[in-house]
Participant: 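Below is the structure I would like to discuss, written out as structure tokens.
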Amino acid sequence: MKKLLAVCLSLGMAFNSLAEPASKESVEKLMALTGASDMGKQMIGQMLPAMKQMLPDAPPAFWQNVAEEVNMDEMVALVVPVYQKHLSEEDVQAMLGFFSTSAGKKLISVQPAIMQESMMIGQQWGQQLFMRAKQKYDATAPAAKATN
């Protein structure tokens, strides 16, 4: 039975590796359709304030020039292989089909709000977990110290 399972798993991995890798063009189309290709703009918006702190003497015109020189195609080219690593051409084509539907377009439009709200909830949840762990630790710490 174990040998049969091993053979089945091996065949499954072999068939999976035979899947046609996603083409650069289809990944770029998917990224454009879903807005993922705009992530470079968002990243620059988040990175510039940190950069400005590291170079506080640089004038505003310098930072404006830096922002204008950013080539978003460069970021897309760096990310395409990540998509290709995890998605087949069949996967990307199915996604392109979905994201072209009204439900897919709706998901694209609300995804940033979902992510932002989810991140805030995740931070609050993490803080609650820490507080519970701290309370548990505080309640047991005196007992642990007394036995040492």
Side-chain angles (χ1 to χ4, degrees), residues 1-140:
M1 183 68 165
K2 288 181 183 179
K3 287 182 183 180
L4 178 61
L5 179 61
V7 169
C8 289
L9 287 174
S10 296
L11 287 173
M13 287 188 285
F15 286 125
N16 191 31
S17 66
L18 294 176
E20 179 185 359
S23 71
K24 175 182 177 284
E25 295 76 22
S26 63
V27 170
E28 288 173 346
K29 186 175 179 181
L30 178 65
M31 290 178 72
L33 184 63
T34 61
S37 57
D38 294 333
M39 75 178 156
K41 293 176 189 173
Q42 296 168 0
M43 291 174 71
I44 289 299
Q46 294 171 356
M47 290 187 316
L48 276 178
M51 291 176 167
K52 288 178 182 180
Q53 288 180 351
M54 291 187 268
L55 295 173
D57 296 333
F62 170 81
W63 294 113
Q64 180 65 31
N65 191 332
V66 167
E68 289 171 1
E69 289 179 359
V70 172
N71 180 352
M72 293 304 147
D73 292 338
E74 185 179 348
M75 180 63 181
V76 169
L78 292 169
V79 175
V80 164
V82 176
Y83 278 70
Q84 291 174 312
K85 178 181 174 184
H86 297 283
L87 301 171
S88 70
E89 182 66 22
E90 183 179 345
D91 295 331
V92 173
Q93 291 304 319
M95 290 175 199
L96 286 169
F98 170 71
F99 286 120
S100 297
T101 67
S102 59
K105 290 175 184 176
K106 169 84 182 232
L107 180 59
I108 291 167
S109 71
V110 299
Q111 190 71 28
I114 290 171
M115 290 301 296
Q116 184 177 13
E117 290 175 39
S118 297
M119 286 175 54
M120 290 184 342
I121 290 168
Q123 288 174 344
Q124 292 169 352
W125 179 67
Q127 290 171 351
Q128 292 169 358
L129 287 175
F130 172 76
M131 292 307 296
R132 287 193 302 246
K134 184 178 181 318
Q135 288 172 350
K136 186 175 184 177
Y137 174 77
D138 289 345
T140 61

Participant: What distance do Leu33 atom CG and Met31 atom CE have between them, rounded to the nearest 0.5 Å?
Facilitator: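 Separation between the atoms: 12.0 Å.
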Participant: Compare every heavy atom of Ser109 with every heavy atom of Pro112, then report the nearest pair and how far apart it is.
Facilitator: CD-O, 3.8 Å
Participant: Can you pull out every salt bridge (charged side-chain N to carboxylate O under 4.0 Å, His left out) where at least one residue sits in residues 123-139? Sequence neighbours excluded, please.
Facilitator: Lys134-Asp138
Participant: Is there side-chain contact between Glu90 and Glu20, with heavy atoms separated by less than 4.5 Å?
Facilitator: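 Result no, sub-4.5 Å side-chain heavy-atom pair not found.
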Participant: Under 3.5 Å, sequence neighbours excluded: what are the donor-acceptor pairs made by side chains of residues 92-108?
Facilitator:
from	atom 1	to	atom 2	distance (Å)
Gln93	NE2	Glu89	OE2	2.7
Ser100	OG	Leu96	O	2.7
Thr101	OG1	Phe98	O	2.6
Thr101	OG1	Gly104	N	3.0

Participant: Return the set of residues passing side chain to side chain contact (heavy atoms under 4.5 Å, CB included) with Lys24 (not counting sequence neighbours), or none when no residue passes.
Facilitator: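 Lys24 satisfies side chain to side chain contact (heavy atoms under 4.5 Å, CB included) with Glu28, Val80, Gln84 once adjacent residues are dropped.
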Participant: With side chain to side chain contact (heavy atoms under 4.5 Å, CB included) as the test, would you mind laying out the steps for Val82 and Lys85 before giving the verdict?
Facilitator: CA-CA 5 Å; Val82 176; Lys85 178 181 174 184; 5.6 Å; no
Participant: For Ser88, enumerate each residue passing the side chain to side chain donor-acceptor pair (under 3.5 Å) test, keeping only those at least two apart in sequence or located in another chain.
Facilitator: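 Checked Ser88 against side chain to side chain donor-acceptor pair (under 3.5 Å); matches are Asp91.
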Participant: In chain order, what residues pass the side chain to side chain contact (heavy atoms under 4.5 Å, CB included) check against Leu78, with sequence neighbours excluded?
Facilitator: none
Participant: Going by side chain to side chain donor-acceptor pair (under 3.5 Å), name the residues that satisfy it together with Thr34, two or more places apart in sequence or in a different chain.
Facilitator: none
Participant: Assess whether side chain to side chain contact (heavy atoms under 4.5 Å, CB included) is satisfied between Val27 and Leu87, documenting all intermediate values.
Facilitator: CA-CA 9 Å; Val27 170; Leu87 301 171; over 6 Å; no
Participant: For residues 113-128, which side-chain N or O atoms pair as donor and acceptor with protein atoms under 3.5 Å away, sequence neighbours left out?
Facilitator:
from	atom 1	to	atom 2	distance (Å)
Ser118	OG	Ile114	O	2.6

Participant: For Asp73, enumerate each residue passing the salt bridge (charged side-chain N to carboxylate O under 4.0 Å, His left out) test, keeping only those at least two apart in sequence or located in another chain.
Facilitator: none
Participant: Apply side chain to side chain contact (heavy atoms under 4.5 Å, CB included) to Ala58 and list each qualifying residue two or more places apart in sequence or on a separate chain.
Facilitator: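 Leu55, Phe62, Trp63.
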Participant: List the residues meeting side chain to side chain donor-acceptor pair (under 3.5 Å) with Glu68, not counting sequence neighbours, and say none if there are none.
Facilitator: Gln64
Participant: Mark yes when over 12 heavy atoms from residues, nucleotides or ligands other than Met72 sit less than 6.0 Å from its CE; otherwise mark no.
Facilitator: yes
Participant: Please collect all side chain to side chain donor-acceptor pair (under 3.5 Å) contacts where either partner lies in residues 51-61, sequence neighbours excluded, each pair once.
Facilitator: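 Listed by first then second residue: nothing to list.
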